[in-house]
Amino acid sequence: MSYPFNEIEPKWQRRWEEAGVFRAISPVPGTAEGTRYREREYYLLEMFPYPSGRIHMGHVRNYTIGDVLARFRFAQGYRVLHPMGFDAFGQPAENAAIKQGVDPATWTDRCVQQMREGLKRLGFSYDWNREVATCDPAYYRWNQWIFLKMFEKGLAYRAGAAVNWCPSCKTTLANEEVIQGNCWRCSTAVEPKELEQWFLKISAYAEPLLADLGKLSDWPERVIAMQRNWIGRSEGVEIWFTVQAGSPVQDSGKRIPVFTTRPDTIFGATYVVLACEHPLVEELIRGKPQEAQVRQFVERVSRRSKQDRAAEGVKKEGLFTGGYAINPVNGEVVPIWVADYVLMEYGTGAIMAVPAHDQRDFLFAREHKLPIRVVIRPPEGDPDPKSWSEAFEGEGTQVNSAQFDELPSTGGKRRIAAWMEEKKTGKRTIHWRLRDWLISRQRYWGTPIPIIYCSACGVVPVPDDQLPVILPKEVSITGEGGSPLGKMKSFVETTCPRCRKPARRETDTMATFFDSSWYFLRFCSPKESTLPFDPKEAEFWMPVDQYIGGIEHAILHLLYSRFFTKFLRDIGLLKLDEPFARLLTQGMVLKEGEVMSKSKGNVVDPDGVIQRYGADTLRLFILFAAPPEDSLEWNDNAIDGSWRFLNRVWELVESVIAAGSVPVRPEPVEGRTRPITLREPQGDRTAQLRRVTHAAIKRVTGDLESFKFNTAISALMEFRSAIEKSAAQGSGPDVRGAVEALVHLLNPFAPHMTEELWARLGHREMLAGKSWPAYEAALLEEKEVTLVVQVNGKVRSRLTVPAGSSSEDLKAKVLADPAVRKWLDGKPPKQMVVVPNRLVNVVV
RNA sequence: GCCGAGGUGGCGAAACCGGCAGACGCGCGAGCCUCAAAAGCUCGUGAGGGCAACCUCAUGAGAGUUCGAUUCUCUCCCUCGGCACCA
């Protein structure tokens, strides 16, 4: 016999929806409507899903965590915004189209519907009135609008560059989408490809994106660290070497800027190295004996993917270009090399090589017999680099450095940098690892980039009144590569908005991370039609008080969203610096230690679990099995524990109902497997039960505040046992009070069952709208406490003593305890440590 | 290499501010119920020793601070995650 979850769950889902209990209500000026709420609003958001069709355990976990918090905040009287939507553009829809011949829009609609139903089956407290889908023109027109604002500010630009190309997806990728050299979506090795593409100048925000990480005190440290790494601030000096005059290079006197974080080692620069893609390489080798050889080398290296280059590891290849450069600090002439270990995309694409004090330069110099000159003498060891097995990168005394000789190298960076600035041979700069964000995708199912190319006017933005540029439907998607829109004359051919002459539309679409970089703002006013969102609504709801999602977005989505927020602030639409005040990154759901995936065949389908146990059991188990940030090992057996617990709660409450509010000895109820016998109250059981009840309220409330759902549930399990025990022993009318508290506290976790029980207990109001129970501190006080008695730090006895006993009383009692006397062996104690109401330690 | 998170029973995990290590749950064992099984219920369950009351050992390893350390400090080992020829 088990409780009828399959009748209960749909019923309450319907009732919540009909009553609109989870609708977010913005304040209307001049009404008293606000009295229902606390001062504060609460915006709770979980990362919206890509509508792939079925929901998986990862979704269940993410959204259950969010739902428990949302229901808890609702109960606390906050004005809650808890929306849901769909990140509906993207490649899978297109791949389905290619494979099954379905229109991506139709496929997506179907998936969204399925997904929405799946979410509803779990009883989540969303305000479905605010649902958005990014593939809706009413949504993506604002992608286009934001893009054009960026274009207007010079933050969206078109440039040719060697970009990341995924040969399998047949599209370009952002740096953030390249995971260890592979495509984030299909794991194919990414290749460099020279293309003209649209970029967003996220690098213009590198400084604030880094600095404002300091404001995110409620973000997990690892996410902050990942973003800090990704942005990669590096303080140093740009030094200007010049190409030697009189060399065969025509335009001699040309500068080669190099970037270094170690200006203190400038006197030890014995050669200069250019990246293979460096524009000066070609000039330097022209007409030289090494011309053909170098050109061949450069071509070979440039063809290799970044990953391949790194995989070669320590082996560094390079060639002399035939050219020389002049070190600006001492006029020394040094050879210019080209090598694979210098990257065009970092710094200036050229370095000064200091083999004595940089490990990479050291290995390269050894390999190619280049001079190694010590300019920082190590405090100990052989000063002759011939005996070294590696470069000395530490601090020491400066040598071979002209007027800086014999100074300690600590502070050398600052001294030499200042001197170079004075002599105008270099300047202090900051370099960033963060690259601009490539957003062009040669795919169909995305937001059209609202740009028109005119042979007369050039790059022309689509005027505001012509937005949105609608993504046409009747497109043939072949998967053969190239933008599918490019094959559609009716789309491509247009007129220039400026000169009215024939022109062509941009045929690439936007990366879908564009769509998700501001959706949290759209939820504040999803029907807004004159702007992406109503700035007043955004000011009211934003920032998101609690954001919940997977760690896999630590740099992608979470960095882009921060960038968008700052941009929208700068154009006056927002008044905040950061979009997400608190972030919770939930762990993955694993089976047999591995991520669930179709290819591994270890997927547990949430719908199957719901059919067998109901949504409440699934929710409860997924919260109980592990703390939210840890990975969770799915266990088909362990879920029975949650199932049993809910059934026991059901039985307990039903017994209490059957017994009436004042418990008497009831007849065992027909069909119940475990009738609970209630007796007449005895002694102070009533007070005891009341104490347990208030202790449970305190624990569960505290655990919910700090996201410790697993221990909150264990506290509820203990509470249930305590009520049952108490009821069986007779504890008076308070059994009903205790049971009601149990049902109430369990509500955020198992909302359907608890609503049903609440109603059966005779309440007309739904639990969903009811305010959270409070505990009374006075009721928590116990008359007696168990005192732990230690001898030399080891537990030897336990004593039950009145709460609040004085130190003297405790000492006397402890010394009288036979278990203690046994260990004292007649000797007086050396010392006694007393922790009131807790412990006494006797030191012998 | 750099950055981050971790290491506690057979398993998932608890332990507030330094104060009973292993709550709660799974699994396992015994029993009840049953013609039998499933379900359900009751009790037990870190390791070792003892008939027992009890005793010894135990939170990755080693040291330190302390009356007392899973918790604080240092050294080391291992696992996971991110970045990585970043000048």
Side-chain angles (χ1 to χ4, degrees), chain A residues 1-2 179-181 220-230 232-234 236-237 258-262 265 273 275 306 309-316 339-343 345-354 358-361 363-364 431-433 551-552 554-555 587-588 593 620-621 624-627 629-642 644-645 647-648 651 672-674 699 702 706 708 710-718 721 786-798 819 822 829-835 838-844:
Chain A
M1 189 73 186
S2 60
I179 311 297
Q180 296 188 331
E221 185 53 40
R222 57 179 171 158
V223 176
I224 304 250
M226 279 190 216
Q227 292 214 358
R228 199 187 295 122
N229 275 341
W230 190 262
R233 183 179 195 271
S234 187
V237 178
V258 302
F259 176 70
T260 181
T261 55
R262 293 292 305 273
T265 63
V273 191
K306 233 176 127 180
R309 282 209 220 179
E312 309 264 315
V314 283
K315 195 167 180 290
K316 301 178 191 334
D340 60 357
Y341 79 98
V342 174
L343 308 172
E345 63 267 27
Y346 190 79
T348 60
I351 62 156
M352 63 170 201
V354 185
D358 180 283
Q359 183 60 15
R360 291 153 303 171
D361 297 343
L363 292 172
F364 191 80
H431 266 285
W432 303 89
R433 212 193 74 103
I551 186 74
E552 67 272 17
I555 29 197
M588 297 205 220
L620 195 75
F621 173 66
F624 180 60
E629 307 230 46
D630 293 8
S631 61
L632 183 154
E633 175 68 31
W634 182 266
N635 182 330
D636 287 322
N637 286 324
I639 192 168
D640 283 333
S642 302
R644 270 175 224 148
F645 168 64
N647 276 294
R648 288 169 185 171
E651 294 301 333
R672 309 238 173 269
T673 49
R674 212 164 57 90
R699 266 189 76 185
S706 45
K708 289 156 76 178
N710 53 336
T711 52
I713 293 166
S714 79
L716 288 167
M717 288 172 168
E718 288 176 284
S721 312
T786 303
L787 189 76
V788 172
V789 182
Q790 296 183 330
V791 177
N792 287 337
K794 291 198 172 159
V795 181
R796 296 302 181 190
S797 180
R798 279 176 191 97
K822 193 178 111 190
K830 214 189 275 174
Q831 193 192 339
M832 286 183 86
V833 181
V834 180
V835 183
R838 277 204 146 169
L839 165 143
V840 174
N841 187 12
V842 184
V843 186
V844 189

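Chain A is the first sequence line, chain B the second, and so forth, proteins listed ahead of strands; every chain is numbered from 1.
Pair assignment for B:rC2: B:rG82, on the basis of Watson-Crick or G-U wobble contacts that are both within less than 3.5 Å. Across all strands shown, nothing is found opposite B:rA58 as a Watson-Crick or G-U wobble partner with both distances under 3.5 Å. Using the Watson-Crick or G-U wobble rule with both distances under 3.5 Å, B:rC67 pairs with B:rG19. Base-pair partner of B:rG9: not found among the strands shown (Watson-Crick or G-U wobble, both distances under 3.5 Å). Applying the Watson-Crick and G-U wobble criteria (two distances, each under 3.5 Å), B:rC33 pairs with nothing in any strand. Pairing for B:rG27 goes to B:rU45, judged as Watson-Crick or G-U wobble with the two contacts each under 3.5 Å.
One P atom belongs to B:rG48, the other to B:rG40, and the distance between them is 30 Å to the nearest Å. Here, B:rG22 and B:rC57 have their C1' atoms 15 Å apart, quoted to the whole Å. Rounded to the nearest Å, the gap between the P atom of B:rC20 and that of B:rC16 is 9 Å. To the nearest whole angstrom, the two P atoms, one in B:rC43 and one in B:rC11, are 25 Å apart. Straight-line distance between the C1' atoms of B:rG49 and B:rA63: roughly 30 Å, to the nearest whole Å. The separation of B:rC17 from B:rA13, taken at their C1' atoms, amounts to 23 Å, rounded to a whole angstrom. Nucleotides B:rU70 and B:rU8 place their P atoms 15 Å apart, quoted to the nearest Å. Separation of the P atoms belonging to B:rA15 and B:rU66 is 28 Å when rounded to the nearest angstrom.
Using cut-offs of 30° and 60° on the angle between ring planes, the pair A:His431 and A:Tyr346 is tilted.
When rounded to the nearest whole Å, the span between CG of A:Asn710 and C1' of B:rG25 equals 11 Å. Straight-line distance from the CD1 atom of A:Ile551 to the P atom of B:rC3: 18 Å, rounded to whole Å. One interatomic measurement links the two molecules: NZ of A:Lys794 to P of B:rU56, which rounds to 5 Å at whole-angstrom precision.
Atoms CG and CZ, from A:Leu839 and A:Arg798 in turn, are 11.0 Å apart once rounded to the nearest 0.5 Å.
One can find a donor-acceptor pair under 3.5 Å joining the base of B:rC16 and the side-chain atoms of A:Arg838. On a pure distance criterion of 3.5 Å, a polar donor-acceptor pair joins the side chain of A:Asn841 and the base of B:rC67.
Residue A:Arg644 is in sugar-phosphate contact alone, with no base atom involved, counting any heavy-atom pair closer than 4.0 Å across all strands shown. Contact annotation for A:Glu633: no contact, since no heavy-atom pair falls under 4.0 Å across all strands.
For A:Phe259, whose side chain is taken as the heavy atoms from C-beta onward, the closest listed nucleotide among B:rC20, B:rA87, B:rC67 is B:rA87. Considering only side-chain atoms of A:Ser714, the nucleotide from B:rG12, B:rA87, B:rC24 that sits closest is B:rC24. With B:rG25, B:rC85, B:rC67 as the candidates, the nucleotide lying closest to the side chain of A:Met717 is B:rG25. Checking B:rC20, B:rA15, B:rC55 against every side-chain atom of A:Thr711, the shortest atom distance belongs to B:rA15. When distances run from any side-chain atom of A:Gln790 to the nucleotides B:rC86, B:rC20, B:rC26, the shortest one goes to B:rC20. Comparing B:rC3, B:rA13, B:rC20 by their nearest atom to the side chain of A:Pro627 picks out B:rA13.
Mapped onto RNA chain B by nearest heavy atom, A:Ala626 and A:Glu221 fall at different nucleotides, with A:Glu221 at the one closer to the 5' end. Closest-nucleotide positions on RNA chain B for A:Leu839 and A:Val223 were compared, and the one nearer the 5' end corresponds to A:Val223.
Taking 90° from 0 as the syn/anti boundary, the base of B:rC17 is oriented syn. Classified by its glycosidic torsion, B:rG9 falls in the syn category, the angle being within 90° of 0.
For the pair A:Ala275 and A:Leu343, the tightest heavy-atom approach, listed with the atom from each and the gap, is CB-C, 3.8 Å.
Around CE of A:Met588, the count of heavy atoms belonging to other residues, nucleotides or ligands within 6.0 Å does not exceed 12.
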